[in-house]
Number of protein chains: 2
Amino acid sequence: MTDPSTFRSHCPTNYALEHFGDRWTLLIIRDLLFLEKQYFREFLSGEEAISTNILSDRLKKMEKDGLIAHRSDPADARRQVYLLTDKGIDLARIMVEINRWSAKHDPFTDVPPDYARRVEEDFESVIAQAVARARAKL
Amino acid sequence: MTDPSTFRSHCPTNYALEHFGDRWTLLIIRDLLFLEKQYFREFLSGEEAISTNILSDRLKKMEKDGLIAHRSDPADARRQVYLLTDKGIDLARIMVEINRWSAKHDPFTDVPPDYARRVEEDFESVIAQAVARARAKL
DNA sequence: CTATTTAAGTTGCAAAATGAAAGCGAAATT
DNA sequence: AATTTCGCTTTCATTTTGCAACTTAAATAG
């Protein structure tokens with residue numbers, strides 16, 4: 001955990017910002033939660049093009065902060081498997097609300113209309129599904 | 001609006017990050033939405049201690065991005081009154097979910113137990129109230 | 001079993017963002 | 001008329017970011 005005594009405040013908004021108030025962390029959460037990515041290489045391949053040093057830094061910080069954990073892949077000792085902790089999985093509701101907000105306000109959104117409709121009509125099960133998939137990896 | 005053609009992607013997570021993927025924007029949203037702040041001076045007074053140049057930059061960017069608007073105060077022509085647009089007000093659900101997440105995971109949280117309970121038990125009306133207060137200013 | 005490819009980083013450096021402090025012009029108050 | 005207040009802008013030092021090249025260990029191919 002990043003030393004909480006260095007936090008600017010313990011206002012809940014600020015607590016969240018200390019965890020993901022940057023341009024990359026939530027993209028990694030998205031990859032883990034919705035896109036089922038788990039390897040360093042896979043996070044690099046997103047269209048936002050994170051660079052290796054930033055990815056490396058963020059994975060370390062997210063682990064310190066308790067959002068993710070990592071194990072070495074039993075099938076290939078070079079690989080690390082990254083996965084969300086319960087604390088990270090608990091971001092699912094925030095993430096889906098973000099998806100709703102962006103789908104509503106971005107005229108160029110990538111969100112397929114079918115998914116947007118499902119989020120509106122079946123919010124709870126969209127979350128439950130993502131949570132269940134992530135929990136299954138613990 | 002910040003030129004959407006410069007966005008790294010139109011993934012909804014990234015769309016959101018292009019709006020508030022930094023250490024300050026959500027604190028200003030919090031001040032507007034929950035703490036009823038509306039003057040430059042008031043935003044400066046938060047315990048996170050934003051500096052004047054950053055505050056000035058963020059207010060401009062947020063206005064370009066359509067999250068806030070400003071008017072000059074009829075009672076004092078030196079002052080600007082800042083307020084949330086509908087797009088900004090629509091962040092209320094995300095903000096309340098962030099409050100829930102932080103209240104749950106921050107052992108040092110500032111969130112009073114009473115408010116936390118109210119958010120759990122009466123989520124919709126907590127949001128409705130903040131939204132109504134913000135809309136009343138439009 | 002040697003050579004090369006692949007995974008997961010690290011390092012170096014330039015560019016951009018951040019933050020503290022001081023300065024400034026216009027409007028309001030004394 | 002002089003002073004204070006508001007909402008900034010400017011300057012400059014520090015921090016963060018991002019690109020590219022390099023490294024190390026493990027897997028695979030010949």
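Below, read A as the first sequence line, B as the second, and so on, with proteins coming before strands; counting in each chain starts at 1.
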Practice task
Remember a base hit wins even if backbone is also touched, and classify A:Y82 as base, sugar-phosphate or nothing at under 4.0 Å, heavy atoms.
Solution key: sugar-phosphate
Practice task
Between protein and nucleotides 19-30 of chain D, map the contacts as a letter string: B base, S sugar-phosphate only, - none, heavy atoms under 4.0 Å, written 5' to 3'.
Solution key: B-B----BS---
Problem - No-hydrogen, no-angle side-chain donor-acceptor test under 3.5 Å, A:S56 and A:N53 - result: no
Completion exercise
Rounded to whole Å, CD1 of B:I54 lies from P of D:dT14 at a distance of 16 Å
Fill in the blank from the handout: B:I28 atom CD1 is separated from D:dC8 atom P, nearest whole Å, by 12 Å
Practice task
With heavy atoms under 4.0 Å as the rule, sort A:R41 into base, sugar-phosphate or nothing.
Solution key: base
Problem - N or O in side chain of B:W24 less than 4.0 angstrom from C:dA17 OP1/OP2 - result: no
Practice task
State whether A:K60 places a side-chain N or O below 4.0 Å from either non-bridging phosphate oxygen (OP1 or OP2) of C:dT10.
Solution key: yes
Completion exercise
Rounded to whole Å, CG of A:D73 lies from P of C:dG9 at a distance of 13 Å
Exercise for the section: Check the side chains of A:Q80 and A:S72 for a donor-acceptor pair under 3.5 angstrom, ignoring hydrogens and angles. Expected result: no
Handout entry: Separation of atom CZ in A:F43 from atom C1' in C:dA7, rounded to whole Å
Key = 14 Å
Problem - N/O (side chain, B:R79) to phosphate O (OP1/OP2, C:dA28) under 4.0 Å - result: no
Fill in the blank from the handout: Taken to the nearest whole Å, CG/B:L44 to P/D:dC6 is 10 Å
Problem - Check: A:T6/A:D3 side-chain N/O donor and acceptor closer than 3.5 Å - result: no
Exercise for the section: Provide, to the nearest angstrom, the distance between the CZ atom belonging to A:R58 and the C1' atom belonging to D:dT17. Expected result: 8 Å
Handout entry: Short N-O contact, B:R135 and B:D86, less than 4.0 angstrom
Key = yes
Exercise for the section: Decide whether B:D22 and B:T25 meet the rule of one side-chain donor and one side-chain acceptor closer than 3.5 Å. Expected result: yes
Practice task
To the nearest Å, give me how far apart CZ (A:R71) and P (C:dA7) are.
Solution key: 21 Å
Practice task
Consider only side-chain N and O atoms of B:D110 and A:Y15, and report whether a donor and an acceptor are under 3.5 Å apart.
Solution key: no
Problem - Contact nearer the 5' end of DNA chain C, comparing B:D57 with A:D57 - result: A:D57
Fill in the blank from the handout: When A:Q38 and A:R8 are each assigned the nearest nucleotide of DNA chain C, the 5'-most assignment goes to A:Q38
Exercise for the section: Would you check if there is a donor-acceptor pair between the side chains of A:H19 and A:K61 at a distance under 3.5 Å? Expected result: no
Handout entry: Options C:dT10, D:dG18, D:dC8, nucleotide nearest the side-chain atoms of A:R23
Key = D:dG18
Handout entry: Atom pair distance, as rounded to whole Å: CD in B:E48 and P in C:dT18
Key = 16 Å
